[in-house]
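Working notes, beginning with the structure itself.
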Amino acid sequence: LYKEIFFDSCKLRMRSDVAIGVALSGGLDSSSVSCSMSEIRKMSSTEQRLANNWQQAFVLVYEDTDQNEEEFARRVIQHTGNTPRYRYLNPRNITEKEIRQSILSFEAVQNAEPSLGPWKIYEEMKNHGIRVSLDGIGGDEALGGYLEYLPIALKDAIWPVPRPARWRDLQCVLVGMMGNEESYEKRNNPVTVFNVLRSMATDFPGGKENLRGVLENSPWLKKNIQRAYRTAKKSFGIGGSSVQAGWIAIEPARPEAQFRESGGHGWSFLQNYQYNDFHYGTNARILRNFDRMSMGHGVESRAPFMDWR
């Protein structure tokens, strides 16, 4: 069923009177979009108003970095027969002009996470006459593809009914996403049952109040936490400062917690976390960011994974 809906979602977004392309990173999401477009075009009739010019795949190659997925993108292009358009980005060759232009197109510098890479790939599309891009936005949020989702899922593996097999599977995925167990141990505190249970303290009714009570009854602990916060504030510039004035100090609008819709009654920890992230967190920011970066070059970004179904 998911495959059928996804195919139909791609098909709907291929309707266009102008040339369309696909932003292909080589990852699962954009590769799925690209391959689906190819299959749809093979099976579709000429009366369905699908774009005739759709075969161009735009690949951003991050040269000399760990993010270079050019080989995966090439395999997809070999499978689909699309026309590849490569744009190379080397950290050593980024110019001040490019950075300024991307920020200007983004129309923001605070909390905005402007990305030069996608900005340049949409520029490449414009240069080749592409006006509509099908992107893989939303796949990670809808299907739980981010590393941060795994510790949340681990909560469901031990509450309310412990499921040891599920716990072991998630631990293997977590280590695999980190590359190997050694790098995982170095970069993160081990995700043990105790640590996950401890993190659940604030998830339950009264959890925050109980935590506050512990701090009030442990002055030494509270004092050390406050000292650590002051150190971080001084070292990383957290909080206000003399340079944060005027428009730079403006925070982007966000719905207050009490006005947010909550997830479904009886949902798991992961479902509630994904719901919040999808509507108010990562996904909301990504949709805004890619819309600004694409429209900075007059390219419309369409996201098959964002179909309402």
Side-chain angles (χ1 to χ4, degrees), residues 1-41 44 48-51 54 56-60 73 76 80 105-108 112-115 117-119 121-122 125 130-149 152 252-255 260-264 267 270-309:
L1 179 61
Y2 187 94
K3 181 180 178 180
E4 292 176 5
I5 294 175
F6 182 69
F7 262 54
D8 191 56
S9 178
C10 290
K11 186 176 180 179
L12 287 171
R13 286 157 181 81
M14 289 178 70
R15 290 179 178 174
S16 175
D17 295 321
V18 297
I20 67 175
V22 58
L24 177 62
S25 69
L28 287 175
D29 298 335
S30 62
S31 297
S32 297
V33 171
S34 182
C35 292
S36 297
M37 290 172 65
S38 178
E39 291 300 313
I40 289 166
R41 213 58 187 89
S44 300
Q48 294 180 315
R49 233 195 97 216
L50 302 183
W54 60 274
Q56 299 184 71
F58 293 81
V59 181
L60 185 69
V76 175
T80 60
S105 296
F106 204 80
E107 299 181 345
E113 306 161 8
S115 175
W119 184 85
I121 209 67
Y122 290 122
M125 289 185 178
I130 299 299
R131 290 293 175 262
V132 174
S133 173
L134 267 65
D135 300 333
I137 302 169
D140 285 314
E141 291 80 9
L143 301 173
Y146 289 128
L147 180 65
E148 65 195 70
Y149 290 157
I152 308 299
R254 59 170 61 89
R260 293 184 178 184
E261 296 179 36
S262 60
W267 278 13
L270 180 60
Q271 287 172 320
N272 277 293
Y273 187 89
Q274 279 187 269
Y275 183 93
N276 187 71
D277 200 31
F278 192 90
H279 291 284
Y280 310 108
T282 305
N283 191 55
R285 292 197 303 272
I286 288 176
L287 286 173
R288 175 202 63 191
N289 294 0
F290 275 77
D291 180 64
R292 290 183 177 182
M293 287 184 286
S294 62
M295 291 309 297
H297 299 290
V299 177
E300 176 189 337
S301 174
R302 297 180 181 178
F305 282 104
M306 292 288 92
D307 190 281
W308 68 272
R309 291 166 291 181

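Note: hydrogens, waters and symmetry copies are ignored here, and every other heavy atom, side chains too, is used.
Taking a 6.0 Å sphere around CG of L28, one finds it holds 12 or fewer heavy atoms contributed by other residues, nucleotides or ligands.
Scored by the side-chain contact (heavy atoms from CB on, under 4.5 Å) test, I121 finds F58, L60, R87 as partners (sequence neighbours excluded). With sequence neighbours excluded, the residues forming a side chain to side chain donor-acceptor pair (under 3.5 Å) with E148 are Y273, listed by chain and number. The side-chain contact (heavy atoms from CB on, under 4.5 Å) test applied to T80 returns S34, C35, S38, V76, N82, not counting sequence neighbours. In this view, S301 and D135 satisfy the side chain to side chain donor-acceptor pair (under 3.5 Å) rule, not counting sequence neighbours. Residues passing the salt bridge (Lys or Arg N to Asp or Glu O under 4.0 Å) test with D8, sequence neighbours excluded: R309. Applying the salt bridge (Lys or Arg N to Asp or Glu O under 4.0 Å) rule to R302 yields the partners E300; only residues at least two apart in sequence or on another chain are considered. Residues passing the side-chain contact (heavy atoms from CB on, under 4.5 Å) test with S25, sequence neighbours excluded: S30, E69. Every residue two or more places apart in sequence or in another chain was checked for a ring pair (Phe, Tyr, Trp, His ring centres under 6.0 Å) with Y122, and none qualifies. Partners of Y146 according to the ring pair (Phe, Tyr, Trp, His ring centres under 6.0 Å) rule, which considers only residues two or more places apart in sequence or in another chain, are Y149.
Atom-to-atom distance recorded for R292:CZ and S105:OG is 11.5 Å, nearest 0.5 angstrom. With values rounded to the nearest 0.5 angstrom, Q56 atom CD is found 9.0 Å from M125 atom CE. Interatomic distance, CG of N289 versus OG1 of T282, reported as 10.5 Å (0.5 Å rounding). Between D17 atom CG and R15 atom CZ the span is 11.5 Å, to the nearest 0.5 Å.
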* To do: Apply side-chain contact (heavy atoms from CB on, under 4.5 Å) to the pair M306 and N283, showing each step before the final yes or no.
  => CA-CA 10 Å; M306 292 288 92; N283 191 55; 3.7 Å; yes

* To do: Evaluate the side-chain contact (heavy atoms from CB on, under 4.5 Å) criterion for residues I40 and W54: first the C-alpha distance (whole Å), next the side-chain angles of each, then the deciding distance (0.1 Å), finally the verdict.
  => CA-CA 11 Å; I40 289 166; W54 60 274; over 6 Å; no

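Nearest heavy atoms, V22 versus M37: CB-SD, 4.0 Å. Taking all atoms of both residues into account, the shortest heavy-atom contact from L134 to C10 is CD2-O, 4.1 Å. Here the closest heavy-atom approach between residue I130 and residue I20 is recorded as CD1-O, 3.6 Å. Residues A73 and L24 share a closest heavy-atom pair of O-CD2, 3.8 Å. Considering all non-hydrogen atoms of both residues, K11 and L50 come closest at O-CD2, 3.5 Å. The minimum heavy-atom distance linking D29 with G136 is given by the pair CB-O, 3.4 Å.
Every pair passing ring pair (Phe, Tyr, Trp, His ring centres under 6.0 Å) that includes a residue from residues 283-309 is listed here, sequence neighbours excluded: F6-F305, W119-H297. Applying the ring pair (Phe, Tyr, Trp, His ring centres under 6.0 Å) test to residues at least two apart or on different chains, none of the pairs has a partner in residues 16-38.
With R288 contributing its side chain and A284 its backbone, the two residues share no donor-acceptor pair below 3.5 Å.
Cation-pi geometry between K3 and F7 is met: under 6.0 angstrom from the ring centre, within 45 degrees of the axis.
Residue I137 is tested with D291, V33, I286 for a side chain to side chain contact (heavy atoms under 4.5 Å, CB included); the sole match is I286.
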